[in-house]
Enquirer: 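Have a look at this one before I ask anything.
No hydrogens, no waters, no symmetry mates; every other heavy atom, side chains included, goes into these values. Order of the sequence lines fixes the chain letters, A, B, ..., with proteins taken first and strands second; residue numbering starts at 1 for each chain.
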Amino acid sequence: QAGGCSVAVSCPAHSAGLAFPDWAYKAESSPGSRQNQLWHFILELLQQEEFRHVIAWQQGEYGEFVIKDPEEVARLWGQRKCKPQMNYDKLSRALRYYYNKRILHKTKGKRFTYKFNFSKLIFLNCPLWDVRCPSPLPVWWRAVGARFFVGAGYGGA
DNA sequence: TTCGGAACCT
DNA sequence: AGGTTCCGAA
């Protein structure tokens, strides 16, 4: 599509033959939206084994994760954003803004436990991957992709 | 601990 | 828009 929202063939979901609704392909609704977003960062940490003592997927509910060391996650996030004063109080406020956006929600009763709304974010900000020059998938995508495609299927539009 | 308003920033 | 900072309330 001319607007920069077409589905690249190299898109794993596409090659897997999955159909997604139009809203899922929203690529550049806002200029800075694809870089350094908190939920990308969370997914990035979640994907790396060396951070399992800090943040990890939770056994049980699909897409659920636990922040095992809140201040350390905050420190890493602050490091990424060059905000040395970052702490869990502030980071968690940012996470709470995701509730209305339906990117995340809180698992009530479970301490430091949140859950991703994968069906809503799967292609939110999905970059336009070039067919001719396939760029490596964003690191956050690998985390989502792995969890999403291994788990329950998607009904489609 | 968790929540969400409000002001502020880029 | 997507946080960051601060904070009172539950």
Enquirer: According to salt bridge (charged side-chain N to carboxylate O under 4.0 Å, His left out), does anything in residues 69-80 of chain A pair up with another residue at least two apart or in another chain? List the pairs.
Expert: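 Checked against salt bridge (charged side-chain N to carboxylate O under 4.0 Å, His left out) - neighbours excluded - the pairs reaching residues 69-80 of chain A are Glu44(A)-Arg80(A), Glu72(A)-Arg75(A).
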Enquirer: To the nearest Å, how far apart are Leu38(A) CG and dT5(C) P?
Expert: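 So the CG-P distance, Leu38(A) to dT5(C), works out to 13 Å.
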Enquirer: Heavy atom of residues 90-100 of chain A under 4.0 Å from DNA chain C: which residues?
Expert: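 Residues of residues 90-100 of chain A under 4.0 Å from DNA chain C: Lys90(A), Arg93(A), Ala94(A), Tyr97(A), Tyr98(A).
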Enquirer: I'd like a table of atom pairs between the protein and nucleotides 8-10 of chain C - only N or O on both sides, under 3.5 Å - with the distance next to each one.
Expert:
none

Enquirer: Check whether Tyr98(A) forms a cation-pi arrangement with Arg102(A) (NZ or CZ under 6.0 Å from the six-membered ring centre, at most 45° off the ring normal).
Expert: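 No cation-pi geometry.
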Enquirer: Atom CD in Gln37(A), atom NZ in Lys81(A): separation rounded to 0.5 Å?
Expert: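 Atom-to-atom, Gln37(A):CD and Lys81(A):NZ are 9.0 Å apart.
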Enquirer: Residues in ring pair (Phe, Tyr, Trp, His ring centres under 6.0 Å) with Phe51(A), at least two apart?
Expert: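 Once residues adjacent in sequence are excluded, Phe51(A) has no partner under the ring pair (Phe, Tyr, Trp, His ring centres under 6.0 Å) criterion.
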Enquirer: Calculate the interatomic distance between Gln37(A) atom CD and dT4(C) atom P; express it in whole Å.
Expert: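 Distance, rounded to whole Å: 11 Å.
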Enquirer: How would you list, by chain and number, every residue that makes a side-chain contact (heavy atoms from CB on, under 4.5 Å) with Ser92(A), sequence neighbours excluded?
Expert: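 Only Tyr88(A), Arg96(A), Tyr114(A) meet the side-chain contact (heavy atoms from CB on, under 4.5 Å) criterion with Ser92(A).
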Enquirer: Does the side chain of Gln85(A) get closer than 4.0 angstrom to OP1 or OP2 of dT4(C) through an N or O atom?
Expert: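 Negative; the distance criterion is not met.
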Enquirer: If I take atom CG in residue Asn87(A) and atom C1' in nucleotide dC6(C), what distance separates them, rounded to the nearest angstrom?
Expert: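 That distance rounds to 10 Å.
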Enquirer: Let me see the working for Leu38(A) and Trp77(A) under side-chain contact (heavy atoms from CB on, under 4.5 Å), right down to the final yes or no.
Expert: CA-CA 8 Å; Leu38(A) 177 55; Trp77(A) 175 235; 3.6 Å; yes
Enquirer: Report which part of the nucleic acid Lys108(A) touches: base, sugar-phosphate, or nothing (heavy-atom distance under 4.0 Å, all strands).
Expert: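 Result for Lys108(A) = nothing.
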Enquirer: Roughly how many Å is it from CG in Leu104(A) to P in dT2(B), rounded to a whole number?
Expert: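 Result: 13 Å.
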Enquirer: Should the ring pair Phe65(A) and Trp57(A) be called parallel, tilted or perpendicular, given that the plane angle runs from 0 to 90° and is split at 30 and 60?
Expert: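 Perpendicular, since the angle between the ring planes exceeds 60°.
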Enquirer: Report yes if a side-chain nitrogen or oxygen of Trp77(A) is closer than 4.0 Å to either non-bridging phosphate oxygen (OP1 or OP2) of dG3(C); otherwise report no.
Expert: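 So the side chain of Trp77(A) is outside the cut-off, no N or O lying under 4.0 Å from OP1 or OP2 of dG3(C).
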Enquirer: Atom OH of Tyr88(A) to atom C1' of dT5(C): distance rounded to whole Å?
Expert: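 About 17 Å, once rounded to whole Å.
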Enquirer: Name all residues meeting the side-chain contact (heavy atoms from CB on, under 4.5 Å) criterion together with Asp89(A); count only those two or more places apart in sequence or in a different chain, and write none if there are none.
Expert: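 By the side-chain contact (heavy atoms from CB on, under 4.5 Å) rule, Asp89(A) matches Asn87(A).
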Enquirer: Between Met86(A) and Leu91(A), does the side-chain contact (heavy atoms from CB on, under 4.5 Å) criterion hold? Intermediate values first, please.
Expert: CA-CA 7 Å; Met86(A) 183 52 58; Leu91(A) 185 148; 4.1 Å; yes
Enquirer: Measure from CD1 on Ile67(A) to P on dT1(B) and round the result to the nearest Å.
Expert: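 After rounding, the reported distance stands at 12 Å.
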Enquirer: What nucleotide among dT1(B), dG2(C), dT4(C) has an atom nearest to a side-chain atom of Lys81(A)?
Expert: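 When the side chain of Lys81(A) is considered, dT4(C) is the closest of dT1(B), dG2(C), dT4(C).
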Enquirer: Just to confirm, is there a sub-4.0 Å distance from OP1 or OP2 of dT2(B) to any side-chain nitrogen or oxygen of Lys106(A)?
Expert: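 Yes, within the criterion.
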